[in-house]
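As structure tokens, the structure follows; a few thoughts come after it.
Keep in mind that what you see is a predicted model, and the values were worked out from it rather than measured. Each chain gets a letter, A, B and so on, in the order the sequences are listed, and its residues count up from 1.
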Protein chains: 2
Amino acid sequence: MSETYRYPHGDRLLVAIDCIIFGYDETGLKVLLVKRHIEPGKGQWALMGGLLNAQETLDEAARRILIILTGMHDVYLEELKVFSEVDRDPVERTISVTYFALINIHNYEHQISTDYEARWFSISHLPELLFDHAHMITYAKNKLKYKAALHPIGFELLPEKFTLTQLRNLYDSIFETELDKGNFRRMILASGLLIQLWEKDKSASKKGAYFYQLDEKKYKEKFNSFLNLTPNSKTISWQ
Amino acid sequence: MSETYRYPHGDRLLVAIDCIIFGYDETGLKVLLVKRHIEPGKGQWALMGGLLNAQETLDEAARRILIILTGMHDVYLEELKVFSEVDRDPVERTISVTYFALINIHNYEHQISTDYEARWFSISHLPELLFDHAHMITYAKNKLKYKAALHPIGFELLPEKFTLTQLRNLYDSIFETELDKGNFRRMILASGLLIQLWEKDKSASKKGAYFYQLDEKKYKEKFNSFLNLTPNSKTISWQ
DNA sequence: GCAAAAGTGTTCCGGATACACCCATGC
DNA sequence: GCATGGGTGTATCCGGAACACTTTTGC
């Protein structure tokens with residue numbers, strides 16, 4: 001309900017979007033951060049963000065911001081939470097709507113825009129961050145863990161073709177566990193989400209491991225149902 | 001990241017909060033709506049809402065709004081989603097941060113404030129609603145279903161003392177199923193969340209059914225873990 | 001042949017499900 | 001005694017979990 005209402009003179013309220021962009025490679029989960037070139041907080045590492053424009057929705061704004069930094073269009077993007085502590089931005093009252101994004105790190109090309117100095121950081125070795133951005137990342141990491149336990153979200157972080165060992169390593173990173181090889185294999189194949197290719201990855205072993213890819217149809221069908229995608233889901237918790 | 005930025009002259013951006021307030025009685029799930037006394041949309045039913053004040057967080061604003069309408073303080077409240085379609089409010093650009101609240105309908109007292117004309121509506125027979133409020137309710141209903149399947153959230157809708165049949169009926173309403181009496185009983189007792197009282201409810205049967213209450217300690221401990229709280233959770237989906 | 005990763009088999013156990021059955025009581 | 005909801009028992013089935021085993025191939 002919008003009532004007639006004005007913020008006190010001088011109390012502008014800004015609405016920002018910040019994106020927690022996750023990527024994954026053999027060495028683990030990563031977050032993409034940018035170096036801030038303006039005050040306040042100049043020189044600090046921060047999440048990529050921007051302000052909401054008058055003629056766009058928040059989803060559109062988040063996508064716009066993501067494209068500016070990565071040039072990537074078909075990216076998994078989901079609203080996370082609004083951060084609205086009164087003093088979170090020391091200069092102006094700004095609330096920030098956070099989104100988390102999952103991208104295939106290998107499709108990411110550096111220097112899409114020279115306006116931003118961007119770098120991938122391992123999730124376990126983050127630098128000091130702007131404002132409440134560290135909280136945002138922690139929150140996003142938990143949400144990823146939670147959601148990945150129930151929905152086939154992990155694939156968004158991998159290339160088109162991947163081996164089951166790569167997939168399992170990814171899940172190990174997300175859940176911070178060591179999943180059983182055989183059980184993981186059976187579980188994930190039983191889900192019916194994967195199509196086996198007749199091509200092998202020989203880089204990691206002599207025998208070679210078959211590549212798999214997502215069955216897009218099944219993926220869309222099953223995305224919103226509960227899928228028990230991890231053992232000991234009982235131990236996963238939220239917030 | 002806040003950059004130096006101004007909305008075009010005349011393009012004020014307002015931040016509103018709208019609360020989807022759920023209640024439950026023997027006849028099913030209910031939502032609390034208020035009749036709007038101001039334009040735009042005067043005379044229409046709407047979610048209870050308000051604007052974000054300069055010196056409060058969104059959580060605080062949501063709680064403030066809930067207290068204005070219901071007078072209730074200890075209420076389950078959770079951020080749901082931000083609605084930001086450009087034209088959702090025909091007069092001013094307003095984004096709305098929605099919260100869903102679960103209250104014990106029997107503690108709700110009418111006429112806390114005579115400023116609002118409030119009424120409970122059955123979730124399945126809603127009137128025409130302001131702006132995008134119908135979408136908000138649909139979204140909230142799904143979220144409730146989703147969350148209640150995994151976390152012991154349902155109790156928030158019941159009185160302190162309740163029988164297992166009452167609890168089962170509540171879950172039947174939420175999930176739109178008919179749960180098996182015996183299995184539900186075992187499942188819910190096995191969760192360890194309930195304490196049996198030595199008092200019986202004789203209103204529904206001659207034999208009488210024991211009242212139970214939440215074990216607050218266990219409840220807090222287990223709230224964030226995955227608890228399979230419903231059969232056929234496989235069939236629950238999201239969005 | 002051996003190491004190393006891929007992939008398979010097998011056993012065990014507990015929980016979900018279906019459904020039949022007793023229990024207590026007011027009329 | 002009988003109808004009504006409360007509450008218990010139990011056989012079955014399936015999937016998770018642990019872990020041992022076989023396969024393939026480069027060196």
Side-chain angles (χ1 to χ4, degrees), chain A residues 26 148-150 152 158 161-172 175-213 222 225-236, chain B residues 26 148-150 152 158 161-173 175 177-213 222 225-236:
Chain A
E26 315 71 48
L150 296 170
L158 289 177
K161 299 185 297 185
F162 49 84
T163 66
L164 293 185
T165 304
Q166 284 166 14
L167 185 61
R168 181 164 48 81
N169 286 335
L170 167 62
Y171 275 91
D172 281 347
F175 298 128
E176 298 165 292
T177 47
E178 302 249 325
L179 302 177
D180 180 273
K181 206 177 17 157
N183 294 335
F184 179 79
R185 205 183 173 74
R186 260 186 302 270
M187 176 272 283
I188 208 76
L189 292 176
S191 77
L193 291 167
L194 297 188
I195 299 170
Q196 189 192 323
L197 305 177
W198 293 108
E199 188 186 346
K200 280 192 167 187
D201 169 33
K202 291 238 177 190
S203 66
S205 79
K206 289 143 191 174
K207 185 177 176 183
Y210 285 111
F211 279 117
Y212 288 79
Q213 67 177 30
K222 297 198 176 182
S225 9
F226 286 158
L227 283 177
N228 216 15
L229 288 166
T230 170
N232 53 331
S233 64
K234 296 271 155 58
T235 66
I236 308 260
Chain B
E26 314 72 48
L150 296 170
L158 290 177
K161 299 184 296 185
F162 47 85
T163 66
L164 293 185
T165 303
Q166 284 167 15
L167 184 61
R168 182 164 47 81
N169 286 335
L170 167 61
Y171 275 91
D172 281 346
S173 296
F175 299 127
T177 49
E178 301 248 326
L179 302 177
D180 180 272
K181 205 176 21 154
N183 295 336
F184 179 78
R185 207 184 171 74
R186 260 187 300 271
M187 176 274 281
I188 207 76
L189 291 177
S191 76
L193 291 167
L194 297 187
I195 298 170
Q196 189 192 321
L197 304 178
W198 293 108
E199 187 187 347
K200 280 192 168 188
D201 169 33
K202 292 236 175 191
S203 66
S205 79
K206 288 145 192 172
K207 183 178 177 183
Y210 284 111
F211 279 117
Y212 288 79
Q213 68 177 30
K222 298 197 175 183
S225 9
F226 286 158
L227 296 168
N228 210 12
L229 289 168
T230 170
N232 53 334
S233 64
K234 294 274 153 56
T235 66
I236 309 262

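Here CG of B:Asn169 is found 9.5 Å from CD of B:Glu26. Values are rounded to the nearest 0.5 Å. Note that CG of B:Asp180 and CZ of B:Arg185 are 11.5 Å apart. Values are rounded to the nearest 0.5 Å.
If you measure from atom CZ of A:Arg168 to atom P of C:dA5, you get 11 Å, rounded to the nearest angstrom. Here the P atom of nucleotide D:dG7 and the CD1 atom of B:Ile188 are 14 Å apart, to the nearest Å. Per the geometry, CZ belonging to B:Arg185 stands 17 Å off C1' belonging to C:dT17, to the nearest Å. Rounded to whole Å, atom C1' of D:dC19 lies 15 Å from atom CG of A:Leu179. Atom CZ of B:Phe175 and atom P of C:dA16 are 14 Å apart (whole Å). Here the P atom of nucleotide C:dA6 and the CG atom of A:Leu197 are 16 Å apart, to the nearest Å. In this structure, A:Phe184 places its CZ atom 15 Å from P of D:dA18, rounding to the nearest Å. Following rounding to the nearest Å, A:Tyr210 (OH) and D:dT23 (C1') show an atom-to-atom distance of 11 Å.
Residues passing the ring pair (Phe, Tyr, Trp, His ring centres under 6.0 Å) test with B:Phe162 are B:Phe155, sequence neighbours excluded. In this structure B:Lys200 satisfies the side-chain contact (heavy atoms from CB on, under 4.5 Å) test together with B:Lys207, B:Tyr210, sequence neighbours excluded. Listed by chain and number, the residues in a ring pair (Phe, Tyr, Trp, His ring centres under 6.0 Å) with A:Tyr171 are A:Phe175, A:Phe184 (sequence neighbours excluded). By the side-chain contact (heavy atoms from CB on, under 4.5 Å) test, B:Lys181 is found to be paired with B:Arg168, residues two or more places apart in sequence or in another chain being considered.
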Which protein N or O atoms sit under 3.5 Å from an N or O of nucleotides 22-27 of chain C?
from, atom 1, to, atom 2, distance (Å)
C:dC23, O2, B:Lys207, NZ, 3.2

Nucleotides 18-20 of chain C: which of its N/O atoms have a protein N/O under 3.5 Å away?
from, atom 1, to, atom 2, distance (Å)
C:dA18, N7, B:Asn183, ND2, 2.9
C:dA18, N6, B:Asn183, OD1, 3.1
C:dA18, N6, B:Arg186, NH2, 3.2

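With hydrogens and angles ignored, the 3.5 Å screen pairs no side-chain donor or acceptor of B:Lys161 with any backbone N or O of B:Asp201.
Taking 4.0 angstrom as the limit, A:Thr165 places a side-chain polar atom (N or O) nearer than this to OP1 or OP2 of C:dA6.
Side-chain contact between A:Tyr212 and A:Leu164 is present, with at least one heavy-atom pair separated by less than 4.5 Å.
The only option from B:Ile188, B:Leu194, B:Leu193 that meets the side chain to side chain contact (heavy atoms under 4.5 Å, CB included) definition with B:Pro152 turns out to be B:Leu193.
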